There are 2 protein chains.
Amino acid sequence: MQTPILRSSQVNRTSSLIDFGIGQPGFDLLPLDLMRQSADARFAEGDTELLNYGYEQGDGRFRQALADFLSAEYAAPVTPAQLMVTAGASQALSLICTLFTQPGDTVFVEEPSYFLALRILREDFRLNAVPVPSDENGLRIDALEEALTGQRPVFVYTIPTFQNPTGHTLSARRRERLIALAHKHDFWVVADEVYQLLHYSATPPPPLAAHTDSGRVLSIGSFSKILAPGLRLGWIQTAPELVQRFVTCGLVESGGSLNHFTSNLVRVALEQGWQTDYLAGLREIYQRRIGAMDGALRRHLGGMARWQKPDGGYFFWLEMEKAVDTAALLPAAHAAGVGFLPGARCSSVGGLGHYLRLSFAHFGEEEIQEGVERLGQALARA
Amino acid sequence: MQTPILRSSQVNRTSSLIDFGIGQPGFDLLPLDLMRQSADARFAEGDTELLNYGYEQGDGRFRQALADFLSAEYAAPVTPAQLMVTAGASQALSLICTLFTQPGDTVFVEEPSYFLALRILREDFRLNAVPVPSDENGLRIDALEEALTGQRPVFVYTIPTFQNPTGHTLSARRRERLIALAHKHDFWVVADEVYQLLHYSATPPPPLAAHTDSGRVLSIGSFSKILAPGLRLGWIQTAPELVQRFVTCGLVESGGSLNHFTSNLVRVALEQGWQTDYLAGLREIYQRRIGAMDGALRRHLGGMARWQKPDGGYFFWLEMEKAVDTAALLPAAHAAGVGFLPGARCSSVGGLGHYLRLSFAHFGEEEIQEGVERLGQALARA
């Protein structure tokens, strides 16, 4: 048995628990051969530059390859000058907070939102994160306008596409209105767009990154969910004048590019089309997993919960009867061999106690069916 | 000619300038084969775990290998539980600032100090960085005690061994007194120990990391100067209870280990002894470069400057006549094909205008001799 000190990854994969609370790609999906071939190709060039301090904004050839990839995937032009390479999406959000905020500043967040982004905002950076309600079409712009009558946030943090935890997508019309409000009220839109490319059955509206020219958008992207999370490789897409804020900060001037070596390997995967092919394969796999989870939910939780079958992202968002406290149900679920994320974890106001989030990304179809059956049994007994 | 957009690294290596201002390892020294073999070995294991989200504190086997390496190099025990893996030394310092300070807080820094650390403290985190004088034995403890009568810093930022820019080393006696003062006045010691292992002609006192059990030390280490800067791989060594502050922050809970993939490759280099051998080779090379620079300085700047031949680190620190303004001399030096870092860049009080810093790490012996000759000519003409 391994001692705790030698643990390698966040999640212990020897567990028999089917934990739908894990919002991570399945271990079986991680592209070891792709990364090995990318590394082989880059090392074979005999170029020591990949070991040197990287160009502050990020290696030029990597940004070019990333811009080409994103331009094709977004069906909207992205240029290397708009891209700042980061050490993952969470590090990007942290860097934005470091450079754009002070403790006590107000930012707006969606209710509900990504629970660990809330931790970064509220605990790491001690920001006043004010919730704004959302619905099936994402952030409610009427509620945002009302909130803006009383206060001006430094930024609005939003996950516009296949949101975490709800899976909802901000409508194209609301995207336009959000940008207009950002201009009018002088705030930034920090768009966490890590699920934008994970569309399976319907293509979402263009990302908020497509509004880069507005000068109001900081769009965060990542390879964690389209390639591999251990790479800690992400980016911020924004107007070139805002890129300069990042490029010239002390951290980046001191350390150079925030993830130079790894980005040099991933460049090969982008240039060779391997990233594109891998993503296409992921979409098929996740689409099947959605089908498996939706079917199992209908069979085993049909009378107990309401949900929408998602078109992308990672999550089903289940609403139970109002009297249900999903956090209180978790021990019984664990005893039955299944886990989920209680909705209250995603609320910044202590609400949503009768919701729960299920990720379909981490387990295969058979485990999904087995796990949902266990969940149905645990809930029926509760 | 490459367009600027495709630049790869911080420093343009096609330049004919012999810029001793570059505090980076020489491109010719970067261990491409070592990293290739490490990657090959890790990929050959067929273990996808290196692509998964990493354990928050850092991969257990990597921390074990790093602890073994440091224990041998420091000749003092280091345990995996004391190590928090980071994405380089600068990111470590940034994370410490994020979690331990608020804008406006006072921290103490050595005068002079690493100019980009000063930028991180003062600009990225808007801290009140108060200089404390140093001398040939490092931070002056009498001056620190005097400064402590008026104010309490959150931390003292020090580069105790082969300091940047002076090359000076804090004496063992002063290390003890610094730790005692940290206890007495309740501040942390943030020790930037990235040069600790770069000793060539004399072994320095044990690192401040050896005082980890005091609970007052946060020792920052990095692979940038002992392996390769592009890896963006570093660590914080501190008491396990302080490690928990980092492990449980939002950034780390969200993204997992701050550099999981790369640390998995570097683990091989540690376990196989390749890091140890490579470092031994570096020491011989840098020792010869010191000899070359010292000899050339004697020949070409003998009457113009004073310096101590360093026992380790990266730098010669030259004192000119008081009337000299080294920043003003830089254009003439550049015209002569040589560069340096003006001393004023390293001062947090606008002083040290008659000093300059020369790095011997970036260029080979012949270029060092040529560059110093150019420098002597430029200074003689000034």
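Because the structure is predicted, anything quoted here is derived from the model rather than measured. Within every chain, numbering begins at 1; the chains are lettered A, B, ... in the order of the sequence lines, protein sequences first and strands thereafter. The figures that follow rest on heavy atoms only: side chains count, while hydrogens, waters and symmetry mates do not.
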Answer with side chain, backbone, both or neither: which region of [X] has an atom nearer than 4.5 Å to a non-hydrogen atom of chain A?
X         : answer
Thr98(B)  : both
Phe62(B)  : neither
Tyr53(B)  : both
Arg126(B) : side chain
Asp40(B)  : side chain
Ser263(B) : neither
Gln91(B)  : both
Leu95(B)  : neither

Subject >> Selection from Leu116(A), Leu32(A), Leu93(A) maximising heavy-atom pairs under 4.5 Å formed with chain B >> reply: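 Top count of heavy-atom pairs under 4.5 Å with chain B: Leu32(A).
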
Original post:
Using a cut-off of under 4.5 Å for heavy-atom pairs, which of Cys97(A), Ala228(A), Ser222(A) has the most such pairs with chain B?
Top reply: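 Highest number of heavy-atom pairs under 4.5 Å: Ala228(A).
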
Original post:
What pair of heavy atoms forms the shortest contact from Gly255(B) to Ser90(A), and how long is it?
Top reply: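 Closest pair (atom of Gly255(B), atom of Ser90(A), distance): N-OG, 3.8 Å.
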
Original post:
Looking only at heavy atoms, which two atoms of His260(B) and Gly230(A) are closest? And how far apart?
Top reply: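 That closest heavy-atom pairing would be CB-O, 3.7 Å.
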
Is the backbone of [Y] close enough, under 3.5 Å, to the side chain of [X] for a donor and an acceptor to pair up by distance?
X         : Y         : value
Asp124(A) : Cys249(B) : no
Gln10(B)  : Glu253(A) : yes
Arg63(A)  : Leu6(B)   : no

Original post:
Between Leu99(B), Ile120(B), Leu251(B), Leu231(B), which residue shows the highest count of heavy-atom pairs closer than 4.5 Å to chain A?
Top reply: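 Highest number of pairs under 4.5 Å: Leu251(B).
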
Original post:
Applying the side-chain contact (heavy atoms from CB on, under 4.5 Å) test to Ser9(A), which of Leu51(B), Leu50(B), Asp59(B), Asn52(B) qualifies?
Top reply: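 Only one of Leu51(B), Leu50(B), Asp59(B), Asn52(B) forms a side-chain contact (heavy atoms from CB on, under 4.5 Å) with Ser9(A), namely Asn52(B).
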
**OP:** With the side chain counted from C-beta on, respond yes when Phe43(B) and Asp33(A) share a heavy-atom pair under 4.5 Å apart, and no when they do not.
**Re:**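 Not touching, per the 4.5 Å side-chain cut-off.
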
Original post:
With a 4.5 Å heavy-atom cut-off, do Ser257(A) and Arg232(B) have their side chains touching?
Top reply: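 No, too far: nothing below the 4.5 Å cut-off.
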
Subject >> Distance, nearest 0.5 Å, that separates CZ of Arg42(B) from CE of Met35(A) >> reply: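 Reported to 0.5 Å precision, the distance equals 13.0 Å.
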
Original post:
So, Thr262(B) versus Thr262(A): side-chain donor-acceptor pair below 3.5 Å or not?
Top reply: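 On atom types as modelled, these side chains qualify, holding a pair under 3.5 Å.
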
**OP:** Starting from the C-alpha separation in whole Å, work towards a yes-or-no answer on side-chain contact (heavy atoms from CB on, under 4.5 Å) for Leu233(B) and Phe261(A).
**Re:** CA-CA 10 Å; Leu233(B) 183 61; Phe261(A) 170 72; over 6 Å; no

Original post:
Tell me, side chain or backbone of Tyr114(A) under 4.5 Å from chain B's heavy atoms, or both, or neither?
Top reply: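 The side chain, not the backbone.
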
